[in-house]
Amino acid sequence: MIRRIIKQTTPIMFGYIPMGMTFGVLFQGLGYPWYFSTLMGLFIFAGAAQFMAIGLLSAGAGLTEVFISTFMLNFRHVFYGLSILEKYGKWGLRKFYLVFGLTDETYSLVTTIKVPAEVNEQNYYFFITLINQGYWVIGCTLGVLLGGLVEFNTEGMDFALTALFIVLVIEQWKNIRDILPFVIATLSSIFVLIFFPSQMLVGSIMLSISILITLRAIKNKSYG
Amino acid sequence: MVDIGYLLSFIVVMTVATFATRLLPFVIFQKQSKHPMMSYIAKYTPPMIMSILVLYVLKNVDFNSVESINTLAAIATTVGVHLWKGNSLLSIFAGTFLYMYLVQS
C-alpha cells in the first residue's frame with residue numbers, strides 16, 4: 001500500500017519540496033530561528049497562507065488581521081470538505097488529521113484515485129495526507145537550513161503540480177463521462193477572471209457550485 | 001529584534017484559521033451527508049474543482065509571449081502521453097521534465 005501511495009504522491013513531492021524550500025528561504029530572511037519554519041509546515045500546512053505569512057510577519061500585522069486574511073484565503077477548503085463528507089468516513093483521530101491536512105493537492109488525489117478493494121479507505125487517505133505533509137515539512141526545513149547556500153536548479157519543477165491537475169481532470173472525465181461539470185467550471189472561471197480576478201479560485205468554486213445546485217433545483221421542479 | 005512571542009501567537013492564529021476552513025463543512029453538514037443533494041455535490045464538485053485548479057495555475061501565463069510556447073508544449077506532452085499510455089506518473093514526468101528542460105536552457 002505504501003509503495004503505491006508513494007508512487008501516487010510523487011508528483012506532489014515534485015511540487016511541495018521546491019515550493020517548501022522557497023518558503024524556507026524567504027522565512028530565513030525574517031531572522032527567526034530556523035525550526036519555526038518546520039513548525040509552520042507542521043501546524044499551518046497551507047502553501048498560500050504560509051507565503052502570505054512572510055509578508056504579514058515582516059509588516060508585524062495584528063492577529064485579528066492574520067485570522068481574517070488566512071480564513072478568507074483558505075475559504076475554498078470549505079467546499080472541498082463539503083464534497084467529501086461521506087468519503088472521509090467516521091470521526092476519530094485519523095479523520096481529525098485527514099481534515100487538518102486537506103490541501104488542494106491532497107483533495108485532488110483522494111477524489112480521483114481508486115482505493116484498492118482490500119485496503120481500508122480512511123487508512124489509505126491518511127497515509128496520502130501524511131506523506132504529502134512530510135514532503136512539505138522537508139521542503140520548509142531544507143529551504144531555511146540551506147538558504148541560498150546551495151545552487152540547486154529546480155526551476156520549472158513546480159510544473160509537476162500543473163501536470164498533476166491536468167492528468168486528474170482527464171481521470172475525472174474517465175470516471176464521470178459527463179461534460180456538465182467541466183463546462184460549468186470553465187464558464188465560471190472565465191466569468192470570475194473577468195469580473196473578480198483577485199478572487200479567482202474561491203469565486204469560481206462558489207459560482208460553479210451555485211450553478212450546479214440551481215440546475216438541480218430546476219430539474220427537480222420541472223420533473224415534479 | 002525578533003519577537004518569538006509574536007511569532008508563536010501568529011502561528012497559532014494562522015493554524016486555527018486554516019483548520020477552521022477545513023473543519024467547518026464537516027461540523028455543519030455532517031448530519032446532511034446522506035441527503036441526495038449532498039451526494040450530487042460530492043459527485044460533481046471534484047471535476048469542477050480540478051478544472052478550476054488547472055485554469056488557476058495557468059492564469060498567469062501570458063499566451064502572447066514566446067515563453068508560453070514552453071507551457072503549451074509541456075501541457076500537450078502531458079495530455080498526449082496520458083491519452084496514449086494512461087500512466088499518470090509517466091505523463092506528469094514527461095511534461096515536467098520537458099518544461100524544466102525548456103525553461104532552463
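To find a chain, count down the sequence lines: A is the first, B the second, and so on, and within it residues start at 1. Values in this document were obtained by computation on a predicted structure and should not be read as measured data.
The two residues P11(A) and L89(B) come nearest to each other via the heavy atoms CD-CD1, 3.5 Å. S39(B) and P36(B) make their closest contact through OG-O, 3.0 Å (heavy atoms, listed as atom of the first residue, atom of the second, distance). Closest approach of F100(A) and R22(B) over heavy atoms only: O-NH1, 2.7 Å. Smallest separation of non-hydrogen atoms from Q104(B) and E155(A): NE2-O, 2.9 Å.
The distance from the CE atom of M38(B) to the CG atom of L85(A) is 6.0 Å, given to the nearest 0.5 Å. Taken to the nearest 0.5 Å, the CE atom of M100(B) stands 11.0 Å off from the CZ atom of F93(B). Here the CD1-CG distance, from I52(B) to L207(A), works out to 8.5 Å after rounding to the nearest 0.5 Å.
Interface remark: of the candidates Y44(B), Y56(B), F10(B), F10(B) forms the most heavy-atom pairs closer than 4.5 Å to chain A. Your options are I68(A), D178(A), T186(A), and the one with the most heavy-atom pairs under 4.5 Å with chain B is D178(A). Between chain A and the residues S51(B), S88(B), P47(B), A94(B), the most heavy-atom pairs under 4.5 angstrom are made by P47(B). Counting heavy-atom pairs under 4.5 Å between each of L58(B), L53(B), L55(B) and chain A puts L53(B) at the top. Considering only heavy-atom pairs separated by less than 4.5 Å from chain A, the leading option among V57(B), L7(B), V103(B) is L7(B).
Within 6.0 Å of CD1 in I4(B) there are more than 12 heavy atoms belonging to other residues, nucleotides or ligands. The 12-atom threshold is not exceeded at CH2 of W84(B), counting heavy atoms of other residues, nucleotides or ligands nearer than 6.0 Å.
At a 4.5 Å heavy-atom cutoff, the contact between F96(A) and chain B is made by backbone and side-chain atoms alike. Contacts of I28(B) with chain A are absent, with no heavy-atom separation under 4.5 Å from either backbone or side chain. Neither the backbone nor the side chain of Y101(B) comes within contact range of chain A; no heavy atom of the residue lies under 4.5 Å from a heavy atom of that chain. If you measure heavy-atom distances from I170(A) to chain B, the contacts under 4.5 Å come from the side chain alone. Residue contact with chain A, scored on non-hydrogen atoms closer than 4.5 Å, involves the side chain of Y99(B) exclusively. For chain A, the nearby parts of I11(B) are the backbone and the side chain; heavy atoms of each come within less than 4.5 Å. Of the atoms belonging to W173(A), not a single heavy atom falls under 4.5 Å from chain B. In this structure, chain B has a heavy atom under 4.5 Å from the side chain of L193(A), while its backbone stays farther away. Interface residue F26(B): backbone and side-chain heavy atoms are both found under 4.5 Å from chain A. At a 4.5 Å heavy-atom cutoff, the contact between I41(B) and chain A is made by backbone and side-chain atoms alike. Heavy atoms closer than 4.5 Å to chain A are found in the side chain of L24(B), but not in its backbone. With a 4.5 Å cut-off on non-hydrogen atoms, L56(A) touches chain B through its backbone and its side chain both.
Between the side chains of T111(A) and Y80(A), no donor N or O sits under 3.5 Å from an acceptor N or O.
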Distance-only donor-acceptor pairs under 3.5 Å for side chains of residues 30-41 of chain A, two or more places apart:
residue: S37(A); atom: OG; partner: C140(A); partner atom: O; Å: 3.0
residue: T38(A); atom: OG1; partner: T141(A); partner atom: OG1; Å: 3.0

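Remark: K114(A) pairs with N175(A) by the side-chain hydrogen bond (donor to acceptor under 3.5 Å, both in side chains) rule, at least two apart or across chains.
The contact list for residues 195-203 of chain A toward chain B, using heavy atoms and a distance under 4.5 Å, reads M200(A), L201(A) by residue number. Along residues 67-83 of chain B, the residues that come nearer than 4.5 angstrom to chain A, judged on non-hydrogen atoms, are T71(B), A74(B), I75(B), T78(B), V79(B), H82(B), L83(B) in order of number.
A distance-only check finds a donor-acceptor pair linking the side chain of S9(B) to the backbone of Y6(B) [under 3.5 Å]. The main-chain N or O of L109(A) is never found under 3.5 Å from a side-chain atom of T112(A) such that the two would form a donor-acceptor pair.
For the pair F29(B)/H35(B), no side-chain contact is recorded, criterion being any heavy-atom separation below 4.5 Å from C-beta on. Residues P46(B) and Y107(A) form a side-chain contact, since some pair of their non-hydrogen atoms from C-beta on lies under 4.5 Å apart.
Of the residues Q122(A), K95(A), E121(A), R94(A), the one that meets the side-chain contact (heavy atoms from CB on, under 4.5 Å) test with Y88(A) is K95(A).
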